[in-house]
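Read the structure below first, then the notes.
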Amino acid sequence: MKSTALVDAGTFEVESRERPQPEASEVLVDVSDVGICGSDLHWYDHGRMDDRIVEDPLVLGHESAGRVIEVGRDVDRVAVGDEVAIEPGVPCGRCQYCRSGRYNLCQDVAFMATPGTDGAFREYVAWPADFVYRLPSSISTREGALCEPISVGIQAVRRAEIDVGDTVLVMGAGPIGTLAMDVAKAAGAANLVVVDIVPSKLDRAAERGATLTIDARETDVAKAVRDEFGAGVDVAIEATGASPAIEVTLDAPRPDGTVVLIGLAPDETVPMDTFELVRRQIDVRGSYRFANTYPTAISLLTAGEVDATGIMDFEMSFDRIGDAFERAKEPDVIKGMISMD
Ligand SMILES: NC(=O)C1=CN([C@@H]2O[C@H](COP(=O)(O)OP(=O)(O)OC[C@H]3O[C@@H](n4cnc5c(N)ncnc54)[C@H](O)[C@@H]3O)[C@@H](O)[C@H]2O)C=CC1
Ligand SMILES: CC(=O)[C@H](N)C(=O)O
């Protein structure tokens, strides 16, 4: 089968590999669509992330979907011919986090497109059947591939415990912030404030339901929020990973409000005014990957509550993966897709 691996920062190599054989509990998926995630771009640009380094060729891509073409002998939850979304992280199933349903925190997870676990930029993936989800006929595999970033949004909204009628600020209108905004709306948020520094992304957020958009380059976000909502927002979700944006997000909630941090700032130390956070009794929560979210993501797509297609800016074929990665880095792009067929 054809596969594309990152061999060094900025260098992909097309490889011919053995087509994988599914084990008894696995399925073989003919991959049809893969989204390009910010972390794929990070691995591509730097060849490393925090203390993890790409030493052996690594197949990127962890937002994927396709068609089941073979099932292992113990598999009965999906069948040959089913279109499925692939959940990219397979946890150990034994640790305290797995046993309590918080498998996103498993320290022994095999997560696609991180050193040691190949991702989906290859023709076929053999994957545990428990981590593939059948897509209804109304959902395309292109949309299904985006169950992954939708899941990041679901996890954050669950962590935020959003209540009906809440005012929610989302910092960052990239794929994660935009999909988190959709999920927050589906969870009952009445006012959705979206902040970014790219005007076209703010326009797109407004088109899909943001009630207020703020360009952080021109406006004092905390003041704008207080002018509009008095004491501040109920919930602020950080989805940029940029230090100045994280600082602003921490300042956005009303007393007793909540901040959920999704953005990863791997090389930065972010100043935090702990006195203010304590005085205003702010809950600051991290949100890492996701657990038990794929069925919800599929339900939200089916109900039209999340618009995955609306964030897709372009689609390129597998043989143009290098061009696609370069295009995906442009600031106006929210999501680039690779069509594997
Ligand atoms: N916690 C988790 O499980 C996950 C975390 N992430 C992280 O979430 C963050 C967002 O991911 P993506 O949407 O893919 O990233 P992205 O880079 O595509 O989007 C970030 C957005 O933030 C905007 N931005 C940058 N600086 C800003 C500032 N100072 N003020 C306001 N907006 C600003 C950018 O214009 C962009 O639209 C990243 O840090 C990523 O690493 C992504 C997936 C999972
Ligand atoms: C969950 C993600 O998408 C993230 N890019 C990661 O690698 O953890």
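Counting starts at 1 for both ligands and their atoms, following the listed order.
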Which atoms from ligand 1 have a heavy atom of A242 less than 4.0 Å away? 26 (N)

How about CZ on R94, more than 12 heavy atoms from neighbouring residues, nucleotides or ligands closer than 6.0 Å, or not? no

Ligand 1 to A245, heavy atom cutoff 4.0 Å, flagged ligand atoms 28 (C), 29 (N), 30 (N)

Going by the order shown, which atoms of ligand 1 are within less than 4.0 Å of some heavy atom of K201? 36 (C), 37 (O)

Tell me the contacting part of S287 for ligand 1: side chain, backbone, both, or neither, using a 4.0 Å heavy-atom threshold, strictly below. backbone

If you look only at distance, which donor and acceptor atoms sit under 3.5 Å apart when one is on a side chain in residues 176-184 and the other is two or more places apart or in another chain?
from	atom 1	to	atom 2	distance (Å)
T178	OG1	A173	O	3.1
T178	OG1	G174	O	2.7
D182	OD1	R208	NE	3.3
D182	OD2	R208	NH2	2.4
D182	OD2	D307	N	3.1

A173 near ligand 1, heavy-atom distance under 4.0 Å? yes

Among A328, A156, A239, G172, closest by heavy atom to atom 20 (C) of ligand 1 is A239

Residues 333-341, side-chain donor-acceptor partners within the protein, below 3.5 Å, at least two apart:
from	atom 1	to	atom 2	distance (Å)
K335	NZ	I36	O	3.0
K335	NZ	E63	OE1	2.9
K335	NZ	E63	OE2	3.1

Surrounding CD of E315 (heavy atoms of other residues, nucleotides or ligands, distance under 6.0 Å), is the total greater than 12? yes

Of the listed options (P175, S200, P331, G38), which comes nearest to atom 18 (O) of ligand 1 when hydrogens are ignored and any heavy atom counts? P175

Proximal ligand 1 atoms for Y288, defined as those under 4.0 Å from one of its heavy atoms: 3 (O)

From the candidates V333, I246, V198, D196, the one that places a heavy atom nearest atom 37 (O) of ligand 1: D196

Taking only heavy atoms of G241 into account, list the atoms of ligand 1 that are under 4.0 Å away from them. 39 (O)

Hey, does the side chain of T141 reach the backbone of G144 with a donor-acceptor pair shorter than 3.5 angstrom? no

Is M171 touching ligand 1 with its side chain, its backbone, both, or neither, if touching means heavy atoms under 4.0 Å apart? side chain

Sub-6.0 Å ring centroid separation between F12 and F121: no

Of the listed options (R289, R159, M49, R217), which comes nearest to atom 3 (O) of ligand 1 when hydrogens are ignored and any heavy atom counts? R289

With respect to P244, determine whether any N or O atom, backbone or side chain, lies less than 3.5 Å from an N or O atom of ligand 1. no

For V152, which part has a heavy atom under 4.0 Å from ligand 1: side chain, backbone, both, or neither? side chain

Within 45° cone of F229 ring axis and under 6.0 Å: R254 NZ or CZ: no

So among T219, D227, D220, which one has a side chain to side chain donor-acceptor pair (under 3.5 Å) with K223? D227

Does any non-hydrogen side-chain atom of L6 lie less than 4.5 Å from one of P57? no

